[in-house]
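Written below as C-alpha cells is the structure these notes are about.
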Amino acid sequence: MLEKTYDPAAIEGRRYAEWEESGAFAARPESPARPFTIMVPPPNVTGILHMGHALTFTLQDTLIRWRRMEGRDTLWQPGTDHAGIATQMVVERRLAEEGSSRRALGREAFVERVWRWREESGGTITRQLRRLGASLDWPRERFTMDPGLSEAVRRVFVTLHREGLIYRARRLVNWDPKFQSAISDLEVESRAVKGTLWHIRYPIAGAGGEFIIVATTRPETMLGDVAVAVHPADGRYRALIGREAVLPLIGRRIPIIADPYSDPEKGTGAVKITPAHDFNDFKVGERHGLPMPSVLDREAKIRLDEIREGMSPVPAVADPAFVETLAGQDRFAAREAIVRTLEELGLLAKSEAHQHQVPHGDRSGVPIEPLLTWQWFCNAVELAKPAIAAVESGQTVFVPRQWENTFFAWMRNLEPWCISRQLWWGHRIPAWYGPDETIFVADTAEEAAAAAERHYGRTVALRQDEDVLDTWFSSALWPFSTLGWPEKTPELARYYPTDVLVTGFDIIFFWVARMMMMGHHFMRDVPFRTVYIHGLVRDQHGQKMAKSKGNIIDPLELIDAYGADALRFAIVQLTGPGRDIKLGPARVETARSFVTKIWNAARFCEMNGIRPDPEFRPETAKRPLCRWVLDGANRAIHEANAALEAFRFDEYASACYHFAWHLFCDWFLEFAKPELAAGGAEAAEVRATAAHVLGTLLRLLHPATPFATEELWDRLGYGPSGSLIRTAWPAPVPVADAAGARAELDWVVRLISEVRTVRAEMNVPPATLTPILLKDALPETLARAERWREAIGRLARVSQIRPLEGAPPRGVAQAVVDEATVILPLAEIVDLAQERARLDRERGKVGREAERLKQKLADEAFVSRAPEDVVEENRERLAAAEAELARLEAALRRIA
RNA sequence: GGGCGCGUAGCUCAGCGGGAGAGCACCACCUUGACACGGUGGGGGUCAGAGGUUCGAUCCCUCUCGCGCCCACCA
C-alpha cells in the first residue's frame with residue numbers, strides 16, 4: 001500500500017537510475033519515428049546548477065518527455081562548454097591561492113592544469129541535472145573541446161578563412177587589461193561612473209597666449225593626441241581650423257581639424273583626437289590620415305616608445321622629463337599625475353564632476369581599453385544575411401515573437417566579430433607563421449607545414465598563432481558539431497535542423513544569432529525551427545539573484561526540501577510568455593502539495609481496488625458519472641496539447657491542476673465513493689473508469705512531474721517498472737452523449753454547491769442533516785435528484801429529497817437551481833431575518849445583472865450593430881436572469 | 001539618446017473587443033475512513049490615470065505617471 005505522503009528522496013534516485021540504465025533517454029536513429037531534437041545550451045563544464053539552469057532544463061525536459069510520449073524519436077543532446085575566460089579565471093584564482101600563476105606555470109602546464117580541473121569538477125553539473133530529472137541522452141554527451149568538436153572548429157575556421165570571411169587585421173579592439181586579451185563588443189557592458197570632466201588649454205602654435213580648450217574625461221590619453229577637432233560649422237573655432245595647437249606636456253604640434261564628429265553641444269565643442277585609444281577618434285584619424293601612436297600597453301600602463309620622437313620641451317607647456325616619469329605607470333595613476341602637472345602649468349581651465357558611461361569587461365569588471373592590436377576577425381555582417389532572411393521568412397520563429405525585433409536590431413547593425421583571445425584555455429587558432437610572417441591556415445600542423453614547404457620550396461620552422469578562439473565560436477557550431485560534422489553522419493542527416501532551442505534572452509546575441517550564422521553557412525539550413533525564449537528566474541521579491549545580494553536560491557536545496565517534481569511543477573506553472581518568473585520556497589511548497597494530492601488520489605484508488613483494466617473500453621461507459629469524467633479528461637488532454645504546442649507551460653500546468661484537483665478529486669472521487677460502496681456492475685464501471693482516468697492523469701502530468709507519476713504508474717500496476725516514460729501520450733476517447741452527461745452532473749454539482757452555501761450561511765452544523773424540498777421542479781429534475789440521492793445526501797449533508805407538496809413549512813432557507821427552488825426546512829435553526837438578508841443580497845445581484853442586460857438590449861444601436869449571436873446570447877442571459885429573479889422574489893414572499 | 005516590456009483581488013499572475021478570473025494569502029466552520037501538504041463556504045478589484053475609436057473598451061489608438069530590461073560615441 002502507498003505511504004500516506006509521497007517521499008521524493010526515497011524514490012527519485014532509484015527511478016532516475018532505472019530510466020537511464022534502461023536506455024529510456026536514448027535517441028533511436030534507426031527508428032521509423034519522426035525525430036524531435038533539442039540541443040542543450042551547454043553549461044560551463046565546471047559550473048554548478050543554478051536556478052536559471054533549473055528553469056531552462058525543466059522546460060526542455062517537459063517538451064522532450066511530452067514528445068517522447070507522443071512517439072517521436074527524441075534526441076536531447078547534452079554537453080558542456082569549455083567556457084574560455086570563465087574557466088581560465090577559476091583556475092588562475094586557484095593558482096593564485098597556491099602562490100603560483102599561469103605565467104609561472106607556462107602554457108603547456110597551465111592547460112594541463114585546466115584539463116585536470118575539468119576532470120575533477122566536470123561531472124558536477126551533469127550529476128545535478130540528473131537530480132532534476134533531465135532525460136538527456138547521456139551517452140551522446142559532448143564537450144566543446146572534444147577531438148571531434150575541435151576538428152569542426154578548425155574546419156570552420158579554415159573554410160571561412162579561405163572564403164575571406166575570417167581575416168587577420170590590426171584594429172582597435174576592446175582590450176581587457178585584467179585578462180590582457182581582446183574581448184568582443186558583446187562582452188563589454190556600460191557602467192555609469194562618476195568621473196571628472198577636465199577642461200585643458202591647448203596653446204595655439206605661434207599665437208602667444210591663445211588657447212583652444214578641450215574637454216576630456218581621459219587626460220592620460222592626451223599623450224597620444226594627434227589633432228584637435230572642431231565642427232566645420234562651429235563659428236567659435238572657424239578661424240582656428242588649419243592652424244596648429246601645441247600638445248601640452250609633449251610639445252608636439254598637432255593640427256586643428258574640422259570634422260563633423262565634433263559636437264558643438266558637448267564639452268567645449270573642441271575635442272582631442274587620440275586614434276589609438278578611442279573608437280571614434282580612430283575613425284577621425286582614418287578620415288584625416290593621422291598617425292595613431294599607442295600610449296598604453298597590454299596592461300594599460302603608459303608606454304612612450306611611439307611618441308618619444310615628437311616630444312620637445314616648451315616653456316610653461318611641455319615637459320618631456322615629466323612625461324618620462326609616467327612610463328610604466330598605471331593609467332589611473334598617470335591620469336592623476338597629468339592633471340596635477342597641468343594644473344601646475346596653469347593649463348587646467350576647469351574640472352567638473354561628470355557622470356558618464358564607461359565600458360567595462362563583463363567578467364573582469366575593469367574598464368575596457370581600446371587598443372590597437374593584431375586580431376582575427378569574422379565577417380559577421382556577411383554571415384548574418386541568410387540568418388536574417390530565415391527569420392524574416394519564418395523558417396525560424398521566435399516565441400514569443402517580439403524577440404525577433406531584438407534579433408533584427410542587432411543582426412542589422414553588426415561590426416566585425418573579433419574572435420581571437422589572448423588566453424591559453426580554448427581552441428588554439430589553426431594559423432601558422434613562416435619566418436617572413438607568411439600565414440598558413442590549415443586543419444593541422446602537418447598540413448600547414450606542407451603548405452609552407454610548397455610556398456618556400458623548402459622545409460621551414462613554423463610558429464603557431466598564440467591566440468585561442470572566442471568560446472562562442474565553438475558554441476556557434478554546437479547544433480552540427482555535436483552530431484558529428486564535418487563527417488556526414490546518420491545523426492547529422494536525421495537530427496539537423498533541430499526542432500526547438502530553449503534559452504534565455506541574454507544569449508540571443510552571444511549564441512542564438514551565431515548558431516544561425518554558422519548553421520546556415522555550413523549546413524545550408526536553419527539550426528532550429530523554433531527559438532523559445534524564456535525569462536529570468538528572480539527571487540520571491542522580483543530581485544535578480546546575485547551573490548552580492550545574498551538572495552541566491554539553490555535549486556538543489558529546494559529539491560532536497562520538496563522534491564524535484566515540486567520544483568519542476570512550480571517552474572512549469574510560473575512560466576508564462578515573456579515574463580520573468582519569481583520563485584521562492586513558498587511556490588515550491590505549494591507545488592509539493594499538488595504532488596501530494598495526486599499521490600493521495602492514487603492512494604484512494606489503490607485502497608478501493610481501482611486497478612487498471614486492459615479490457616475496459618471507455619467508449620462503452622454507461623454511467624453519466626463515468627462519461628462525465630471521461631469527457632473532463634478529454635478536455636484536459638485538449639487543453640494540455642494546445643498549451644504545450646504553443647509553449648504555454650503555465651496553461652499546461654493549470655489544465656492538469658484544475659482537472660486533477662477540482663474535477664477528479666473534488667467531485668468525481670467524492671461521487672464515486674457511494675457507488676463503490678454499493679458494489680455490483682455499476683461499481684465495476686466506476687472502478688474501471690477511475691483507473692482509466694487516473695492513468696490519463698499520470699501520463700498528462702509525467703512531463704512536468706516525472707518521478708511521482710512514474711512511481712505511481714509502477715506501484716498501481718499500470719505498466720512495468722519504469723515504463724511510463726515510454727508510454728503513449730493520452731488521446732481523447734469517444735464519449736457517448738458527453739453533453740448529456742455534462743448537463744446531468746453539472747446540475748448535481750450546482751445543487752450540492754447551493755445547498756452547501758445555504759447551510760454555511762445559515763450556520764447549520766455539519767453534523768446536522770437536513771431534508772430538502774424541491775418546488776416547481778420538472779419531473780426529469782426530480783428523477784435526476786432521485787438518481788443522485790446518495791451523492792447529494794453525502795456531499796450536501798442532506799437526509800432526504802422530496803418534491804414540495806402544498807405550502808412550505810415555516811422557517812425555511814431557499815436557493816434557486818435552474819427552474820427549481822430548493823427549500824431547506826430549518827425550523828428552529830433558521831434565523832428568518834438572516835435568511836431574508838441573504839436572499840435579498842442574491843436578489844440584488846441577479847437584479848443588477850438583469851437590469852444591465854435589459855438596458856443593453858434596449859439600446860437600438862447595440863441590437864442593430866452587434867453581431868446576431870452576441871445579441872442572442874445576451875437575450876438568453878437576460879431570460880435566465882429574469883427567471884431566477886422571479887424565483888428569488890417568490891422565495892422572499894414566502895418568508896415575508 | 002534609441003528600442004522593448006510591464007502596471008488586473010493583500011501577493012504572484014492568467015485573460016486582451018461583448019458576463020472581471022486562478023493559485024496563494026485572508027475570514028468562518030470542519031480532525032467526515034485518500035489527502036490538515038486536507039475539506040466546505042465566504043469576503044476582497046472605479047483592470048495605473050486621462051483622452052479617443054466603437055453600439056460596446058481591462059482588451060485597440062494617443063498622451064501622462066510609475067517600474068523593469070536591452071542597445072548606444074568614456075568631450
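As the structure is a prediction and not an experimental result, all values here were calculated from the model. Reminder, nothing fancy here: chain letters follow the sequence lines and each chain counts from 1. All values below were derived from every heavy atom in this structure, side-chain atoms included, with hydrogens, water molecules and symmetry-related copies excluded.
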| task | Measure up the A:W661 and A:F594 rings against each other and bin them: parallel (under 30°), tilted (30 to 60°), perpendicular (over 60°). | result | parallel
| task | Mark yes or no for whether A:R201, through its side chain, and A:I212, through its backbone, hold a donor-acceptor pair below 3.5 Å. | result | no
| task | Check every strand shown and say whether A:H354 touches a base, only sugar-phosphate, or nothing at a heavy-atom separation below 4.0 Å. | result | sugar-phosphate
| When all nucleic acid strands are considered with a 4.0 Å heavy-atom cut-off, which category describes A:A409: base, sugar-phosphate, or nothing? | nothing
| request: Could you check whether A:I368 gets within reach of a base, just the sugar-phosphate, or nothing at all, counting any heavy atom under 4.0 Å? | output: base
| How about A:E754 and A:T757: does a side-chain donor come under 3.5 Å of a side-chain acceptor? | no
| task | Decide whether A:T768 and A:R797 meet the rule of one side-chain donor and one side-chain acceptor closer than 3.5 Å. | result | no
| task | Name the closest nucleotide to the A:R587 side chain, picking from B:U12, B:C74, B:C24. | result | B:U12
| note | Here the distance between atom C1' of B:G41 and atom CG of A:L795, to the nearest Å, is 14 Å
| query | Between B:C24 and A:Y657, is there an OP1 or OP2 to side-chain N/O distance shorter than 4.0 Å? | reply | yes
| said: Does A:R401 qualify as a cation-pi partner of A:F398, given the criterion of NZ or CZ under 6.0 Å from the six-membered ring centre and within 45 degrees of its axis? | reply: no
| task | For A:S654, report the nucleic acid contact type (base, sugar-phosphate, nothing); a contact means any heavy atom under 4.0 Å. | result | nothing
| request: Verify the distance criterion only: is there a donor paired with an acceptor across the side chains of A:H277 and A:E220 at less than 3.5 Å? | output: no
| Listed nucleotide nearest any side-chain atom of A:R648, set B:U12, B:A14, B:C74 | B:A14
| From the list B:C73, B:C69, B:C74, which nucleotide is the closest neighbour of the side chain of A:R538? | B:C69
| said: Taking only side-chain N and O atoms of A:R838, does any of them lie within less than 4.0 angstrom of OP1 or OP2 on B:G41? | reply: no
| said: For A:Y6 and A:N600, which I'm curious about, is there any donor-acceptor pair between the side chains at under 3.5 Å? | reply: no
| Side-chain N or O of A:H662 closer than 4.0 Å to phosphate OP1/OP2 of B:G23 | yes
Could you go through nucleotides 34-38 of chain B and list every protein N or O atom that sits under 3.5 Å from one of its N or O atoms, giving the distance for each pair?
from  : atom 1 : to     : atom 2 : distance (Å)
B:A34 : OP1    : A:K673 : NZ     : 3.4
B:A34 : O3'    : A:R603 : NH1    : 3.4
B:A34 : O2'    : A:N600 : OD1    : 3.0
B:A34 : O2'    : A:R603 : NH1    : 2.9
B:A34 : N7     : A:K673 : NZ     : 3.2
B:A34 : N6     : A:E670 : OE2    : 3.3
B:A34 : N3     : A:N600 : O      : 2.9
B:A34 : N3     : A:A601 : N      : 3.4
B:C35 : O4'    : A:N600 : OD1    : 3.1
B:C35 : O2'    : A:N600 : ND2    : 3.4
B:C35 : O2     : A:K597 : NZ     : 2.9
B:C35 : N3     : A:K597 : NZ     : 3.0
B:C37 : O2     : A:T596 : OG1    : 2.4
B:G38 : OP1    : A:S593 : OG     : 3.3
B:G38 : O3'    : A:K597 : NZ     : 3.1

| task | Just compare B:G23, B:C13, B:C74 and give me whichever is closest to any side-chain atom of A:T590. | result | B:G23
| task | Kindly point out which of B:C30, B:C70, B:C73 is positioned nearest to the side chain of A:F509? | result | B:C70
| said: Quick check for you: among B:G18, B:G23, B:C13, whose closest atom lies nearest to any side-chain atom of A:N874? | reply: B:G18
| said: Output the rounded distance in Å from CZ (A:F569) to P (B:U12). | reply: 20 Å
| said: Using whole Å, what does the distance between atom P of nucleotide B:G23 and atom CG of A:L574 come to? | reply: 15 Å
| For RNA chain B, what are the stems built from at least three Watson-Crick or G-U pairs in a row, each pair having both distances below 3.5 Å? | B:1-7 with B:65-71, B:10-13 with B:21-24, B:26-30 with B:38-42, B:48-52 with B:60-64
| Taking only side-chain nitrogens and oxygens of A:R877, does any of them come within less than 4.0 Å of OP1 or OP2 of B:G18? | no
| field | Under 4.0 angstrom between A:T757 side-chain N/O and B:G42 OP1 or OP2 | value | yes
